[in-house]
Each structure stands twice: as structure tokens, then as C-alpha cells.
Amino acid sequence: MRSEQRRLREIARREKQKAKPKFHGYLAYLVFLISLVYMTDEIASQIGTLMKTEIANDLMARFGERSVGALDIVAFIAIPFQALSIFYKPLSDRFGRRLFLVLNTLGMSAGMLLIAVTDSLAPYVAGAVIIQFFVPHDMQVVYIMESAPPRHRAKLYSTIKCVATLGVMLVPLLRRTLMQTASQWHAVYLVPAVVGLVASFAALLFAREPDAFLDARLAALRAAPAAKEKAAKGKAPRSGFFAGLVFALRHKQLRWVFIATALCNFGVILTMHYQVVLSYGYASHMVGGGLYASLSEALEAASVGPVTTALFLFPVGSALAQLLVGYAADAWGRKRSALLMTALVLASFVGFTLGANFAWPPALVGMLCGMAVGGFWGASDLDILLAGESAPTALRASVLSAQFAAIGVGYILAYGVGLPLITRFGNASVPFVTLGLAVPGMAASLAALAAKVHETRGVNLDTVTGCEWDPPARQ
């Protein structure tokens with residue numbers, strides 16, 4: 001009886017939300033809000049990597065170890081907590097997108113704030129764990145998918161992400177203004193944390209549930225009595241991580257998207273170490289040119305000099321790459337865009353690695369670095385977009401949550417193979433280890449997408465079932 005009352009109350013609440021008119025200019029406001037949330041997400045994702053050399057030299061040096069690989073192995077503690085998060089995102093299929101947009105932004109901001117106000121390894125790891133728990137959920141991406149016109153979904157998504165990526169320029173700006181010495185890296189975390197808190201508060205006050213979610217939730221609530229009858233026979237539709245995973249594995253399109261996702265994310269090692277490549281490249285050139293007698297002195301000079309200058313252009317290169325992928329995806333299709341992004345990643349990675357070691361102009365090196373990292377995330381985003389557009393609304397968040405299991409396979413291999421090698425052979429081995437993992441993985445991902453995955457450009461998210469690409473006997 002109580003469950004029936006709760007169901008009726010929620011139907012009334014969701015109908016009221018659906019009937020509430022959008023205020024004038026709501027779409028423009030939503031784009032601005034999602035951009036602000038996405039900026040917080042991008043900064044939270046990148047800030048640790050943008051200062052990895054300084055963090056390793058400060059925190060790990062207290063234990064007699066300066067290897068960035070050793071710092072990454074410490075950060076490996078976050079992975080079990082990321083695994084727990086796969087049960088968290090599907091809750092938005094039941095409780096709504098807005099609540100989790102607020103919680104995710106608040107969580108990322110709290111993690112950055114904890115790191116900003118502390119000065120030891122344990123709080124740093126705790127803050128990194130909090131950030132890594134909330135970063136993968138990308139509720140802002142679900143908002144874009146469920147609110148944008150189908151013909152312009154990828155363009156709008158990439159435009160918002162482009163703006164958010166440009167916001168990462170805040171990090172090198174803060175490095176330049178607040179980090180007079182490399183040991184003052186903590187201060188850089190404070191301003192992004194405050195920006196994120198403001199964004200979460202704005203979302204709490206003014207964001208509304210996407211219509212696609214409200215329609216799907218109302219349909220599920222109205223069908224609940226019939227669903228209970230089916231549950232007694234073991235046939236009830238369910239949501240959640242396992243439901244999303246089972247659904248994906250049973251349907252050809254999503255199954256191959258998940259395989260391509262796992263292979264693509266071998267390349268995540270590139271996103272973990274690009275700042276190290278810059279720092280050690282410029283520092284090695286300084287030592288070789290006789291400007292400094294030791295590598296440690298050169299690293300200090302590189303951190304507040306050419307590396308910070310290069311990082312000002314990093315967001316620009318990354319934003320351009322991610323803007324390109326959205327327009328290409330709508331114009332040429334998802335698979336051709338993946339080919340373009342993969343080629344961009346490889347060429348840019350080689351370019352910025354050579355540029356740092358031969359002391360090319362920092363602005364050019366930073367631009368190439370951003371294009372390499374932005375190209376990787378563009379390729380990865382295409383996999384997420386393909387999965388989201390291939391899943392029914394009632395299971396979309398569940399399928400996207402299950403997709404993190406595929407992402408996790410790539411992450412585990414990148415960590416499990418790459419980090420011990422870097423720790424064993426030193427920071428100078430980072431470019432070779434990165435190429436050895438990223439290139440084969442991304443090439444195999446590209447082959448899987450080209451051979452097995454169908455286009456989803458222009459798909460109707462309100463009517464897609466996920467069965468459209470199955471063999472006729474299984475539809």
C-alpha cells in the first residue's frame with residue numbers, strides 16, 4: 001500500500017515538473033550552466049596531471065622517491081572506489097538527472113578543496129579519491145544528450161566541451177600568479193574548487209529535469225503495476241549497473257561499442273603523463289645546454305618557465321581538437337571522426353614530445369600537447385556518444401555506467417603495464433611506454449568501430465530500443 005502511495009506521489013511530482021514551463025532563455029541558461037559544470041569536471045580531471053611533476057617532487061620526495069610512476073601507484077588506491085561508483089550513476093535513472101548533476105559537481109569541488117587546504121600525502125590521496133569517484137559520471141553529458149536537437153547533438157556537445165576545455169587555462173594562469181615556487185602547487189586547487197561550488201549551487205536552484213527523462217520515468221511509473229506482475233514471473237525490466245551491462249552484452253551494437261571502448265582506453269596513459277614529458281623534455285635540454293648543473297634545478301626552472309607557458313596553450317589545442325570532433329561527427333559520422341582523432345593523437349603526441357626535448361617555442365609545444373590529449377578524449381567521447389545513442393532512455397544511464405567497466409579494462413591495463421615500467425626505468429621512459437600502449441590499443445579500437453559498429457547520427461533518443469542493429473532473428 002505504501003509503495004503504491006509513493007508511486008502515485010512521484011507520478012504527480014513528475015507530471016508537475018513536466019508541466020512547469022521553461023522560463024525565457026532557459027536553453028541559453030542551460031548551455032551556460034552545463035558549460036560551467038563541464039569546466040569544473042575538466043579542471044578536476046586535468047589539474048593533477050597539469051602539476052604532476054611538482055606534486056611528485058614535493059610529496060614523494062618526503063619518502064625518498066621522486067618518480068611520477070610511484071605517485072601513480074599511490075593513486076592506484078582510487079581504483080576500487082571508482083569501481084564502487086558504477087553502482088551510483090544508474091540511480092539517476094530512478095531519482096533524476098538534476099540531483100546527480102548537483103552531487104557530482106559538489107563532490108569534485110570538495111575533493112579539490114581538501115587538497116587545497118592540506119599539505120601531506122594522505123589528504124592528497126583522499127582528495128584524489130573523491131575527485132575520481134565523481135568525475136567519471138558525466139551527468140552533464142546525459143543532460144546534453146537528452147536536451148539537444150538530434151541533428152545538432154554532437155556539435156552542441158563538442159561546443160560546450162570546447163568552452164569547458166578552454167576553462168582549463170585557469171590552471172596555468174593560477175600557476176603563473178600563485179605558484180612562485182614549485183612547492184606552492186596546493187594554492188592552484190582553491191579557485192577551481194570555489195567555481196565548482198558556485199556551479200553546483202546554481203544547478204540546485206535553476207536546473208530542471210530533461211523532458212526525455214521525465215517521459216521515460218512517467219512511463220515506467222505508470223507501467224509499474226504490470227511490471228510487478230512480470231516481476232513475479234521473473235520478466236520485469238530493471239535498471240542499474242548489471243542490468244545495463246547485461247543489456248549491452250546481449251545487443252550487437254552496444255557489445256562492440258564496449259569492446260572498442262576498452263581498446264581505446266589503453267591510450268589513457270597519454271593523459272596521465274603529458275606534463276611529465278614537457279617538464280623532463282625542457283629540463284633535459286637545459287642541462288644539455290649547460291644552463292643548469294643538475295636535473296632537479298632545471299626542473300624547478302622549467303616548472304615556472306616554459307612548462308607553464310606551454311600549458312597556457314594546452315587548453316586551446318585541446319579545445320580545438322574536441323570542437324573538431326563534434327562537427328566532424330555530425331557531418332561525416334562517428335567512425336570517420338574516430339579515424340581523424342586517432343591520426344591527430346599520434347601526430348600531435350610525436351610533435352610535442354620532440355618539441356619539448358628540442359626546446360621548440362613553448363606555445364607551439366603546448367598547442368600540440370593539447371591536441372594530442374584533446375584528440376584522445378574526443379575519440380573516447382565518440383564511444384560514449386555511440387553507447388548513449390544506442391541505448392533506450394530508461395536504461396541510458398545504466399548502460400553508460402556499465403560502459404565504465406569497459407573503460408576500466410583499458411585503465412587497468414594502462415596502469416598495470418605502464419606504471420611498473422615507468423617506475424622501473426624512470427621518468428625518461430614515459431614517452432616510449434605511452435606509445436607502446438596507446439598506439440596498438442587505439443588502432444585496434446578503430447578497427448572494431450569500422451568493422452562492427454553502425455552509425456547513430458540523428459537517432460531519436462525517445463524511441464531507440466537498442467535492438468535496431470541486432471540480426472533479424474533477435475530483434
Side-chain angles (χ1 to χ4, degrees), residues 37-52 55 59 71-118 120-143 164 168 189-190 192-197 199-201 203-204 239-242 244-245 261 265 268 271-272 377 380-381 384 397-412 414-416 419:
V37 170
Y38 222 141
M39 185 186 304
T40 303
D41 183 283
E42 287 294 308
I43 292 175
S45 302
Q46 299 284 351
I47 190 168
T49 306
L50 287 167
M51 297 188 295
K52 179 168 282 187
I55 295 171
L59 294 181
L71 179 63
D72 284 330
I73 290 173
V74 171
F76 199 75
I77 296 170
I79 288 182
F81 294 92
Q82 285 180 294
L84 289 175
S85 72
I86 61 179
F87 302 103
Y88 166 78
K89 183 171 183 175
L91 295 175
S92 70
D93 280 336
R94 178 179 177 186
F95 296 107
R97 314 309 196 201
R98 176 172 164 270
L99 172 64
F100 292 91
L101 184 71
V102 173
L103 289 178
N104 295 346
T105 311
L106 185 63
M108 291 183 285
S109 304
M112 289 190 286
L113 186 62
L114 177 61
I115 294 173
V117 300
T118 56
S120 60
L121 181 61
Y124 169 80
V125 173
V129 166
I130 293 171
I131 291 170
Q132 292 306 316
F133 177 87
F134 288 105
V135 159
H137 302 296
D138 289 338
M139 191 51 60
Q140 67 275 11
V141 177
V142 178
Y143 255 89
V168 178
Y189 276 83
L190 183 59
V194 174
V195 171
L197 291 174
S200 63
F201 185 67
L204 177 65
S239 62
F241 169 78
F242 290 112
L245 181 61
T261 298
N265 278 277
V268 75
T271 71
M272 293 155 47
W377 289 121
S380 181
D381 287 343
I384 296 173
S398 299
V399 168
L400 292 178
S401 176
Q403 192 176 21
F404 284 111
I407 292 172
V409 171
Y411 279 28
I412 289 170
Y415 273 97
L419 301 187

Colleague: Please give me the minimum heavy-atom distance between Gly127 and Leu114, naming the atom from each residue.
Modeller: N-CD2, 3.6 Å
Colleague: Are Tyr88 and Phe100 an aromatic pair, judged by ring center distance below 6.0 Å?
Modeller: yes
Colleague: How close do Gly244 and Ala402 get, heavy atom to heavy atom, and via which atoms?
Modeller: C-CB, 3.7 Å
Colleague: Is Glu42 close to Trp377 at the side-chain level, that is, under 4.5 Å between some pair of heavy atoms?
Modeller: no
Colleague: Restricting to non-hydrogen atoms, name the atom on Tyr189 and the atom on Ala116 that form the minimum distance, rounded to 0.1 Å.
Modeller: CB-CB, 3.7 Å
Colleague: Do Met139 and Val142 have side chains that approach each other closer than 4.5 Å (heavy atoms only, starting at C-beta)?
Modeller: yes
Colleague: For Pro192 and Ile47, which heavy atoms make the closest approach, and how far apart are they?
Modeller: CG-CD1, 4.3 Å
Colleague: Please give me the minimum heavy-atom distance between Gly48 and Ile55, naming the atom from each residue.
Modeller: O-CD1, 3.9 Å
Colleague: With sequence neighbours left out, write down each residue that passes salt bridge (Lys or Arg N to Asp or Glu O under 4.0 Å) with Asp381, or none if nothing qualifies.
Modeller: Lys161
Colleague: Would you mind reporting whether Met112 and Thr40 have side-chain heavy atoms less than 4.5 Å apart?
Modeller: yes
Colleague: Evaluate side chain to side chain contact (heavy atoms under 4.5 Å, CB included) for Val399 paired with Gln403, printing each intermediate quantity in order.
Modeller: CA-CA 6 Å; Val399 168; Gln403 192 176 21; 5.7 Å; no
Colleague: Testing the basics here: between Ile115 and Pro123, what is the closest heavy-atom pair and its distance to 0.1 Å?
Modeller: CG1-O, 4.4 Å
Colleague: Using the side-chain contact (heavy atoms from CB on, under 4.5 Å) criterion, which residues pair with Val135? Sequence neighbours excluded.
Modeller: Asp41, Ala44, Ser45, Met108, Ile131
